[in-house]
Amino acid sequence: MARDQLAVVQRLAERHEKEAGVRLSSAQGALASAESQLKQIVDYRQDYHRLATGDSGNVTDTHQLQAARHFLSELDKIAGKQRSTIQQAELALEQQRMSWVDAKRRLTAIDKLRKQRKKEQQVIDEKREQRALDDLFVVQQLFEKRAFVAEGGV
């Protein structure tokens, strides 16, 4: 009975570990996506900065420069928010990683316990079988001795 209960516990631990792995993978994807978005923002900002500062060779008036500076400022704010999002995603990833490691550790411990219990049960079964063989041998010796005595032996 205990063996069946341990099997149920192991199946639950396997499911928990698998779910933790899925959450970990999702957190990794969210971090990668946030980093990709930040890269896009930074790249766009650099391109726009070159365009706005006249690096492109076009002449721009002061009104366009002010508008460009304001837009660059907005892009900086967006990039800052995205960096904050990345930090949150990194924290979430670390939490999911710890959760998965914990689930994996539990699963390994349960698996180890099941193997230990199985080995212990095998030893008990082998001892029981050996006792039965020993008892059979003793009974056989008694029958042989009785048969010998009944035949007129010493």
Side-chain angles (χ1 to χ4, degrees), residues 1-52 55 68-154:
M1 183 66 179
R3 188 179 297 166
D4 293 338
Q5 290 172 344
L6 207 49
V8 169
V9 170
Q10 184 173 16
R11 280 194 303 276
L12 290 173
E14 287 170 349
R15 185 181 318 150
H16 182 71
E17 185 267 340
K18 186 176 183 178
E19 290 169 356
V22 168
R23 287 190 306 271
L24 175 61
S25 179
S26 177
Q28 287 170 331
L31 177 60
S33 175
E35 289 173 337
S36 174
Q37 289 174 2
L38 177 61
K39 184 183 179 329
Q40 289 175 351
I41 293 168
V42 169
D43 289 348
Y44 180 69
R45 189 201 181 285
Q46 288 172 346
D47 291 344
Y48 190 80
H49 182 266
R50 276 191 296 273
L51 230 141
D55 288 348
R69 285 187 187 135
H70 177 71
F71 186 65
L72 288 171
S73 173
E74 292 299 313
L75 285 175
D76 288 340
K77 289 177 187 176
I78 292 169
K81 289 178 183 177
Q82 192 61 27
R83 285 184 185 93
S84 175
T85 300
I86 287 173
Q87 288 176 338
Q88 291 172 353
E90 287 171 338
L91 288 173
L93 175 62
E94 188 55 32
Q95 289 173 342
Q96 294 306 326
R97 183 178 290 123
M98 290 172 62
S99 176
W100 177 79
V101 166
D102 233 18
K104 189 69 171 170
R105 194 175 301 136
R106 273 191 218 110
L107 179 59
T108 301
I110 291 168
D111 186 48
K112 195 174 185 180
L113 179 62
R114 283 192 75 202
K115 287 177 181 176
Q116 179 184 351
R117 295 261 173 99
K118 184 177 179 181
K119 188 175 182 180
E120 289 171 357
Q121 188 61 44
Q122 286 174 337
V123 168
I124 290 170
D125 291 346
E126 287 173 3
K127 285 182 180 181
R128 185 179 305 126
E129 188 177 320
Q130 186 61 47
R131 252 186 270 124
L133 289 173
D134 290 346
D135 290 347
L136 185 61
F137 180 74
V138 168
V139 169
Q140 183 182 5
Q141 292 300 316
L142 284 174
F143 280 137
E144 288 177 4
K145 189 174 183 182
R146 283 186 185 168
F148 180 71
V149 170
E151 290 177 3
V154 178

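Worth saying up front: this structure is predicted, and the values here are computed from it rather than measured.
- For the atom pair E94 CD and L24 CG, the distance stands at 9.5 Å (nearest 0.5 Å).
- Atom NE2 in H16 sits 5.0 Å away from atom OG in S99 (nearest 0.5 Å).
- Here the side chain of T85 pairs a donor or acceptor atom with the backbone of K81 at under 3.5 angstrom.
- Of the inter-residue distances, the one linking S33 atom OG with L38 atom CG reads 11.5 Å to the nearest 0.5 angstrom.
- Looking at K18 and E14, their side chains never come closer than 4.5 Å, going by heavy atoms from C-beta outward.
- One finds the CG atom of L113 at 8.0 Å from the CD1 atom of I110 (value rounded to the nearest 0.5 Å).
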Before giving the answer on side-chain hydrogen bond (donor to acceptor under 3.5 Å, both in side chains), spell out for E120 and Q116 the whole-Å C-alpha distance, their side-chain angles and the decisive distance to 0.1 Å.
CA-CA 6 Å; E120 289 171 357; Q116 179 184 351; 3.2 Å; yes

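- Atom-to-atom distance recorded for R45:CZ and F71:CZ is 10.5 Å, nearest 0.5 angstrom.
- Residue pairs meeting the side-chain hydrogen bond (donor to acceptor under 3.5 Å, both in side chains) criterion with at least one partner in residues 136-145, sequence neighbours excluded, are Q140-E144.
- D125 and R128 get closest at one heavy-atom pair: OD1-NH1, 3.1 Å.
- Side-chain contact between Q95 and M98 is absent, with no heavy-atom pair separated by less than 4.5 Å.
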I would like to know whether R117 and Q121 meet side chain to side chain contact (heavy atoms under 4.5 Å, CB included); could you show each step before the answer?
CA-CA 6 Å; R117 295 261 173 99; Q121 188 61 44; over 6 Å; no

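- Taking CD of Q87 as the reference point, atom CD of E90 lies at 7.0 Å (rounded to 0.5 Å).
- One N or O on the side chain of Q82 and one on the backbone of A34 form a donor-acceptor pair closer than 3.5 Å.
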Does K39 form a salt bridge (charged side-chain N to carboxylate O under 4.0 Å, His left out) with D43? I'd like the steps, not just the answer.
CA-CA 6 Å; K39 184 183 179 329; D43 289 348; 2.8 Å; yes

Pair F137, L133 - check side chain to side chain contact (heavy atoms under 4.5 Å, CB included), show working.
CA-CA 6 Å; F137 180 74; L133 289 173; over 6 Å; no

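- When all heavy atoms of I41 and L75 are compared, the closest pair comes out as CG2-O, 4.0 Å.
- Closest non-hydrogen pair, R83 versus V42, comes out as NH2-CG2, 4.1 Å.
- Across W100 and A20, no two heavy atoms sit closer than the pair CA-CB, 3.7 Å.
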Go through the steps for R131 and D134 under the test salt bridge (charged side-chain N to carboxylate O under 4.0 Å, His left out), then give the verdict.
CA-CA 5 Å; R131 252 186 270 124; D134 290 346; over 6 Å; no

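- With hydrogens and angles disregarded, a donor-acceptor distance shorter than 3.5 Å links the side chain of T108 to the backbone of K104.
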